[in-house]
*Asks:* 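Please find one structure pasted underneath; my questions will follow.
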Amino acid sequence: MAIDKNNSRDAAWRVELRGAMSAKDRAAIERVKMPELDPAVRVASRSAEVNLGISEEQAVAEATRCMDCPDPQCVTGCPVGIDIPGFIKNIQRGDFAEASAVLRLTSALPAVCGRVCPQEKQCESRCIYHRMKRQPVAIGYLERFAADRAREEARKNPVPPRRPAPGAVKVAVAGSGPAGLSFAGDMAARGFDVTVFEALHEIGGVLKYGIPEFRLPNAVVDDEIRALEAAGVTFVKDCIVSRTVTVEDLRRQGFRGLFVASGAGLPRFMGIPGENLIGVMSSNEYLTRVNLMGAGLDGHDTPVLTGRTAAIVGGGNTAMDSVRTARRMGAERAVIVYRRSEAEMPARLEDVHHAKEEGVEFMTLFNPVEYLGDENGHVRAMRVQRMELGEPDASGRRSPVAVEGDIREIPVDLVIVSVGVFPNPLIPSSVEGLSVSRRGTIEVDETSMESSVNGLFAGGDIVRGGATVILAMGDGRRAAAGMAAALAAEECHGSAASDNNSVS
């Protein structure tokens with residue numbers, strides 16, 4: 001008998017699934033554990049993915065834990081609004097293709113999100129199991145499972161790219177990171193003719209240059225891009241919007257709207273002595289050289305420094321990616337230097353755990369104040385100020401306060417600074433009339449994501465100054481809805497004006 005594709009909570013198959021097991025029995029099932037590559041093996045490989053993925057049996061068992069709540073709070077914790085119980089219950093009944101289809105309704109990059117999103121702070125943080133003092137449903141693991149099954153099927157039975165209908169409204173996207181790809185997927189699904197312009201030679205933006213393959217393999221990103229191509233999205237590489245092609249050029253070429261997702265690619269430094277020494281670099285430069293440009297690999301000419309003692313300054317996801325990369329690049333000692341305590345670190349808990357397994361040291365409650373160089377101008381040590389936590393700041397985290405007189409010197413020969421980024425200034429500085437904040441971000445309406453310039457929308461890091469993948473994707477979805485509504489309104493006004501003219 002064919003499987004019922006009605007995914008509503010009142011669908012007969014979901015009612016039957018809920019009735020097949022009591023809540024007590026579901027809660028008694030232990031949360032699945034993600035199989036992982038051995039730490040010694042993964043540190044010896046630059047690209048081997050750490051998390052190996054759960055099996056079909058594990059996925060079905062974990063999906064069975066889901067209570068299929070009448071008011072699923074997990075959905076409210078998802079920035080793109082995935083129907084989480086809908087896709088999970090399809091996994092439980094063994095319809096993995098339909099689970100993937102439910103994910104695709106709201107997420108253009110489910111295989112990416114299942115790997116890099118901070119589920120523990122978003123969807124999983126709202127799971128009803130927290131009230132029971134139990135571990136939440138492993139939503140991220142299940143999302144990865146369903147998306148990977150769909151990727152495998154797509155490789156076996158590739159779908160030829162479809163083209164937009166003749167006369168479809170043309171819209172452009174500047175940047176192929178998560179915000180741009182999310183926007184492109186939603187607009188293509190609405191029937192628009194979407195072209196994504198990427199400045200670099202690879203599509204994917206920060207997904208390619210910023211996130212190491214041991215956390216997000218390039219093959220996964222490429223599969224997601226092929227899915228968007230199959231949906232009708234066109235990609236153009238090596239094209240800088242505002243330089244190779246201007247916003248006015250795009251208008252002349254017939255593009256009715258532009259979504260700016262150019263990211264925040266300018267590194268931020270601390271302004272302390274010694275930052276210009278050889279061996280002190282930004283995480284942007286370091287990760288781009290290694291991830292995107294093959295630094296250190298045979299057949300690639302891009303150079304990169306590989307220190308014996310590497311210090312990474314910062315406590316976010318990028319800092320964790322950098323320190324784990326440094327270990328894989330041969331650093332005998334790799335140290336996170338962070339001015340707050342480990343509890344205040346914004347990095348994903350899973351990545352902190354993996355870093356510790358891989359031999360990374362954590363030097364918390366210390367802040368660099370100076371880098372010292374040798375006679376050749378190469379960094380040889382860093383001076384750090386001991387800190388203690390004071391009152392909470394605007395973010396709610398306790399502010400670090402210097403412990404007077406407690407400064408120490410640490411020998412290092414590579415420093416990677418990962419304390420934030422600035423927005424890419426190219427488009428903001430080149431579009432007349434565009435409202436830009438003091439931080440250099442494009443100011444937009446929070447609901448529609450439209451800027452002060454008619455037809456120009458923006459999202460992701462160029463608006464937020466720094467965001468997770470899933471928050472950037474949420475911006476892309478809101479912008480797609482906003483632009484589609486604005487273009488529809490223009491069509492209506494144009495038709496009305498035309499009718500009035502014909503009548504007159």
Side-chain angles (χ1 to χ4, degrees), residues 168-184 186-187 190 192-200 205-206 233-268 284 420-467 471-472 474-494 497:
V169 175
K170 292 172 63 178
V171 297
V173 185
S176 68
L181 296 179
S182 178
F183 173 88
D186 271 27
M187 291 300 273
R190 286 179 163 90
F192 289 88
D193 185 347
V194 186
T195 301
V196 177
F197 296 92
E198 169 55 51
L200 298 175
V206 70
V233 177
T234 298
F235 291 96
V236 178
K237 304 174 186 176
D238 302 309
C239 183
I240 304 173
V241 173
S242 79
R243 292 296 184 269
T244 314
V245 59
T246 67
V247 173
E248 281 302 316
D249 290 335
L250 294 175
R251 289 197 180 105
R252 284 192 289 269
Q253 292 170 21
F255 289 97
R256 298 276 301 282
L258 169 65
F259 178 60
V260 179
S262 50
L266 289 183
R268 185 193 300 269
N284 301 56
V421 288
F422 292 107
N424 189 318
L426 292 179
I427 294 177
S429 65
S430 67
V431 179
E432 187 176 349
L434 185 63
S435 293
V436 179
S437 74
R438 287 181 298 176
R439 297 183 301 140
T441 56
I442 296 176
E443 296 182 332
V444 297
D445 179 274
E446 291 184 4
T447 301
S448 68
M449 307 303 290
E450 186 168 18
S451 72
S452 58
V453 174
N454 184 48
L456 192 153
F457 294 67
D461 287 355
I462 192 65
V463 167
R464 296 177 178 270
L471 286 174
D475 288 351
R477 291 209 72 212
R478 282 194 300 280
M483 185 183 291
L487 291 172
E490 284 183 17
E491 290 293 329
C492 287
H493 292 150

*Asks:* What heavy-atom pair brings Glu248 and Arg251 nearest, and what distance separates the two atoms?
*Replies:*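 So the two residues come closest at OE2-NH1, 2.6 Å.
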
*Asks:* For Asp238, does its backbone N or O pair with a side-chain atom of Glu198 as donor and acceptor, under 3.5 Å?
*Replies:*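 Side chain of Glu198 to backbone of Asp238: no pair is present.
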
*Asks:* Run Phe457 and Val463 through side chain to side chain contact (heavy atoms under 4.5 Å, CB included) and show every step you take.
*Replies:* CA-CA 10 Å; Phe457 294 67; Val463 167; over 6 Å; no

*Asks:* Give a yes or no answer on whether the side chain of Ser262 reaches the backbone of Asn424 with a donor-acceptor pair at less than 3.5 Å.
*Replies:*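 Checked: no pair found.
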
*Asks:* Is there a side-chain contact between Thr246 and Ser430 (heavy atoms, below 4.5 Å)?
*Replies:*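 A side-chain contact is absent here, since even the closest heavy-atom pair is not under 4.5 Å.
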
*Asks:* When rounded to the nearest 0.5 angstrom, what distance separates CZ in Phe422 from CZ in Arg268?
*Replies:*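 The distance works out to 4.0 Å.
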
*Asks:* Can you check whether Leu456 reaches Val431 side chain to side chain, under 4.5 Å on heavy atoms?
*Replies:*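 Sidechains of Val431 and Leu456: in contact.
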
*Asks:* Got a sec, which residues hit salt bridge (charged side-chain N to carboxylate O under 4.0 Å, His left out) with Arg438, two or more places apart in sequence or on another chain?
*Replies:*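 So Arg438 forms no salt bridge (charged side-chain N to carboxylate O under 4.0 Å, His left out) with any residue.
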
*Asks:* Just so I know, are the side chains of Ser242 and Val247 near enough to count as touching, which here means a heavy-atom distance under 4.5 Å?
*Replies:*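 Ser242 vs Val247: side chains apart.
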
*Asks:* Among Thr234, Thr195, Val196, whose side-chain contact (heavy atoms from CB on, under 4.5 Å) with Val173 holds?
*Replies:*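 Considering Thr234, Thr195, Val196, a side-chain contact (heavy atoms from CB on, under 4.5 Å) with Val173 is found only for Val196.
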
*Asks:* Taking all atoms of both residues into account, what is the closest heavy-atom pair of Ala199 and Ile240, and its distance?
*Replies:*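 Minimum heavy-atom separation between Ala199 and Ile240: CB-CG1, 3.7 Å.
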
*Asks:* Contact between Leu250 and Phe197 at the side-chain level, heavy atoms closer than 4.5 Å - yes or no?
*Replies:*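 A side-chain contact under 4.5 Å exists here.
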
*Asks:* Are Glu490 and Val169 side-chain neighbours, meaning at least one heavy-atom pair lies under 4.5 Å?
*Replies:*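 They are not in contact (no side-chain heavy atoms under 4.5 Å apart), so the answer is no.
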
*Asks:* Closest heavy-atom contact between Ala467 and Asp461?
*Replies:*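 Shortest heavy-atom separation between Ala467 and Asp461 comes out as N-OD1, 2.8 Å.
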
*Asks:* Over all heavy atoms of both residues, which pair between Ala184 and Val233 is shortest? Give the atoms and the distance, please.
*Replies:*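 Heavy atoms only, the tightest pair is O-CG2, 3.8 Å.
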
*Asks:* Would a distance-only check, ignoring hydrogens and angles, find a side-chain to backbone donor-acceptor pair under 3.5 Å from Ser182 to Pro178?
*Replies:*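 Not at all, since once roles are kept as given, no pair shorter than 3.5 Å links the two residues.
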
*Asks:* Holding to side-chain contact (heavy atoms from CB on, under 4.5 Å), I want the full list of residues that pass it with Val421, two or more places apart in sequence or in another chain.
*Replies:*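 Val421: side-chain contact (heavy atoms from CB on, under 4.5 Å) contacts with Ala264, Asn284.
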
*Asks:* Which atom pair, heavy atoms only, marks the closest approach of Ser435 to Ser452?
*Replies:*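 Of all heavy-atom pairs spanning Ser435 and Ser452, the closest is N-OG, 2.8 Å.
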
*Asks:* Who pairs with Ser448 by side-chain hydrogen bond (donor to acceptor under 3.5 Å, both in side chains), at least two apart in sequence or on another chain?
*Replies:*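 Testing Ser448 for side-chain hydrogen bond (donor to acceptor under 3.5 Å, both in side chains), a comparison that skips the adjacent residues, returns Asp445.
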
*Asks:* With Phe259, which residues qualify under ring pair (Phe, Tyr, Trp, His ring centres under 6.0 Å), at least two apart?
*Replies:*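 For Phe259, the residues satisfying ring pair (Phe, Tyr, Trp, His ring centres under 6.0 Å) (neighbours in sequence not counted) are Phe183.
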
*Asks:* With a 4.5 Å cut-off on side-chain heavy atoms, are Val171 and Leu487 touching?
*Replies:*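 Yes, at least one pair of side-chain atoms sits under 4.5 Å.
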
*Asks:* Considering non-hydrogen atoms only, spot the tightest contact between Val245 and Gln253 and give its length.
*Replies:*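 Closest heavy-atom pair between Val245 and Gln253: CG2-NE2, 4.0 Å.
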
*Asks:* Does any non-hydrogen side-chain atom of Ile442 lie less than 4.5 Å from one of Pro423?
*Replies:*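 Answer no - side chains too far apart.
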
*Asks:* Looking at residues at least two apart in the chain, or sitting in another chain, which of them share a side-chain hydrogen bond (donor to acceptor under 3.5 Å, both in side chains) with Thr441?
*Replies:*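 So Thr441 forms a side-chain hydrogen bond (donor to acceptor under 3.5 Å, both in side chains) with Ser437.
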
*Asks:* Kindly list each side-chain donor-acceptor pair under 3.5 angstrom involving residues 476-484, sequence neighbours excluded, with atom names and distances?
*Replies:*
unit_1: Arg477; atom_1: NE; unit_2: Thr106; atom_2: O; d: 3.3
unit_1: Arg477; atom_1: NE; unit_2: Asp186; atom_2: OD2; d: 3.0
unit_1: Arg477; atom_1: NH1; unit_2: Val80; atom_2: O; d: 2.9
unit_1: Arg478; atom_1: NH2; unit_2: Asp475; atom_2: OD1; d: 2.4

